[in-house]
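Residue numbers run from 1 in the order of the sequence given.
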Amino acid sequence: MSKPEFDQYAEQYDRMLGEAIPESLNEDGYFAEYKVALMAELLGTHPAARILDFGCGAGRSLPCLDRYFPDTELWGYDVSPASLELAAERTPRAKLFSNWDEVAAIRFDAIIAANVFHHIPPPQRGEALARCRDSLAPHGQMFIFEHNPFNPVTRRIFERCPFDADAEMLTLETARKLAGAAGLNITRCGYTLFFPRPLAFLRGLEPMLRRIPLGAQYYVQLGK
Ligand SMILES: C[S@@+](CC[C@H](N)C(=O)[O-])C[C@H]1O[C@@H](n2cnc3c(N)ncnc32)[C@H](O)[C@@H]1O
């Protein structure tokens, strides 16, 4: 059997990502943190005893999840064992798995999939989302974050990134249809990352811009 694609990128993942993003726009920590911060905000006062980072890769979101949800069990699943080794170093308390059978019986209050679905071939996306749906607790919420293919800067970064060579971005509309086909309800969705670092002082306006399809990424919040 061939190795999972991301095993070959695990060690160089952060460097490759950094090199694909123009220096003036790169905010490594912010890109990882904003997703977790938004997820925490959208979950509000819903208690989350257990969170799954689906497609956690080398664990870029896990330290943020650790900070925002210090009392929550953190789980990570990825098809790339080499990436999980790095994730384990970053967040030792996270329970990490590359075999879905070991995770399938657990029910999660929240699941985050950050930039994962564009790496899953379109015919397999429905099955991957169905896995997440089945793993949600009855009141559970799932958060998909994806690149917005309508944003020209996102497109440029995507084209420069070696590990995106075989990936296929999906629009917010496609993500919505995928969710509907998996029997999930859309709680909220919207575009994010409108203002690059030089305009960071305008970021407080982002919640008012969620419907405008120009942000660099988008999120979809789903429930059963
Ligand atoms: C661009 S990386 C994102 C990693 C991490 N979520 C982050 O934000 O840094 C995409 C990840 O999706 C994983 N992946 C690809 N297909 C998958 C699948 N069917 N199920 C779970 N993870 C998958 C890859 O192994 C890779 O680690």
Exercise. Nearest 0.5 Å, what's the CG-CG distance between Leu222 and Leu136?
Worked result: 8.5 Å
For this session: Evaluate the criterion side chain to side chain contact (heavy atoms under 4.5 Å, CB included) for residue pair Leu193 and Tyr30; output intermediate values, then yes/no.
Result: CA-CA 10 Å; Leu193 293 184; Tyr30 176 68; 3.7 Å; yes
For this session: State yes or no: do Val36 and Leu74 share one hydrophobic cluster built from I, L, V, M, F, W and Y residues joined by side-chain heavy-atom distances below 4.5 Å, directly or via other members?
Result: yes
For this session: Can you tell me which residue pairs pass the side chain to side chain donor-acceptor pair (under 3.5 Å) test with a partner in residues 120-133, sequence neighbours excluded?
Result: Tyr77-Arg131
For this session: State yes or no: do Phe143 and Val220 share one hydrophobic cluster built from I, L, V, M, F, W and Y residues joined by side-chain heavy-atom distances below 4.5 Å, directly or via other members?
Result: no
Exercise. Does the side chain of His119 pick up a donor-acceptor pair with the side chain of Asp164 at under 3.5 Å?
Worked result: yes
Problem set entry | With Tyr68 via ring pair (Phe, Tyr, Trp, His ring centres under 6.0 Å) - residues at least two apart | none
For this session: Applying side-chain hydrogen bond (donor to acceptor under 3.5 Å, both in side chains), name anything that partners Asn148, two or more places apart in sequence or on another chain.
Result: none
Exercise. Run the side chain to side chain contact (heavy atoms under 4.5 Å, CB included) check on Leu172 and Phe150 step by step: do they pass?
Worked result: CA-CA 10 Å; Leu172 171 54; Phe150 296 128; over 6 Å; no
Exercise. Side-chain heavy atoms under 4.5 angstrom apart, residues restricted to Ile, Leu, Val, Met, Phe, Trp, Tyr: same cluster for Val116 and Ile111?
Worked result: yes
For this session: Answer yes or no: does atom CD of Glu159 have more than 12 heavy-atom neighbours from other residues, nucleotides or ligands under 6.0 Å?
Result: yes
Exercise. Using 4.0 Å as the upper bound for N to carboxylate O, is an ion pair formed by Arg90 and Asp66?
Worked result: no
For this session: Check the pair Ile212 / Phe194 against side chain to side chain contact (heavy atoms under 4.5 Å, CB included), numbers first and verdict last.
Result: CA-CA 9 Å; Ile212 301 174; Phe194 287 86; 4.3 Å; yes
Exercise. How far apart are the C-alpha atoms of Gln217 and Thr154, what are their side-chain angles, what is the distance that settles it, and do they pass the side chain to side chain contact (heavy atoms under 4.5 Å, CB included) test?
Worked result: CA-CA 8 Å; Gln217 298 194 340; Thr154 298; 5.6 Å; no
Problem set entry | Which residues share a side-chain hydrogen bond (donor to acceptor under 3.5 Å, both in side chains) with Arg160, sequence neighbours left out | none
For this session: Identify, with sequence neighbours excluded, every residue that meets side-chain hydrogen bond (donor to acceptor under 3.5 Å, both in side chains) alongside Asp134.
Result: none
Exercise. Can you tell which of Tyr34, Tyr218, Tyr219 makes a side-chain hydrogen bond (donor to acceptor under 3.5 Å, both in side chains) with Thr192?
Worked result: Tyr34
Problem set entry | With Asp109 via salt bridge (Lys or Arg N to Asp or Glu O under 4.0 Å) - residues at least two apart | none
Problem set entry | Partners meeting side chain to side chain contact (heavy atoms under 4.5 Å, CB included) with Ser98 (sequence neighbours left out) | Pro81, Leu84
Seminar exercise, completed: One should read off an interatomic distance between Ile112 CD1 and Leu62 CG, to the nearest 0.5 angstrom, of 9.5 Å
Exercise. Under a single-linkage definition using a 4.5 Å side-chain heavy-atom cutoff for Ile, Leu, Val, Met, Phe, Trp and Tyr, are Leu17 and Phe158 assigned to the same hydrophobic cluster?
Worked result: no
Exercise. Salt bridge (Lys or Arg N to Asp or Glu O under 4.0 Å) with Glu19: which residues, sequence neighbours excluded?
Worked result: Arg15
For this session: May I have all residue pairs that pass side chain to side chain donor-acceptor pair (under 3.5 Å) and include part of residues 201-216, sequence neighbours excluded?
Result: Glu27-Arg203
Seminar exercise, completed: For Arg176, the side-chain hydrogen bond (donor to acceptor under 3.5 Å, both in side chains) test, sequence neighbours excluded, returns none
Exercise. Given His118 and Glu168, is the side chain to side chain donor-acceptor pair (under 3.5 Å) satisfied, shown in steps?
Worked result: CA-CA 5 Å; His118 65 273; Glu168 196 177 308; over 6 Å; no
Problem set entry | Nearest atoms (heavy-atom pairs only) where Ala113 meets Met142 | CB-CE, 3.9 Å
Seminar exercise, completed: Residue set satisfying salt bridge (Lys or Arg N to Asp or Glu O under 4.0 Å) with Glu73, at least two apart, ordered chain then number -> Arg50
Table please: side-chain donor-acceptor pairs of residues 179-191 below 3.5 Å, with sequence neighbours left out.
unit_1, atom_1, unit_2, atom_2, d
Asn185, ND2, Lys224, O, 3.2
Thr187, OG1, Gln141, OE1, 3.1
Arg188, NH1, Gln221, OE1, 2.8

Exercise. Any idea which heavy atoms bring Ser80 and Ser83 closest together, and the distance?
Worked result: OG-OG, 2.7 Å
Problem set entry | Arg197 atom CZ: more than 12 heavy-atom contacts under 6.0 Å | yes
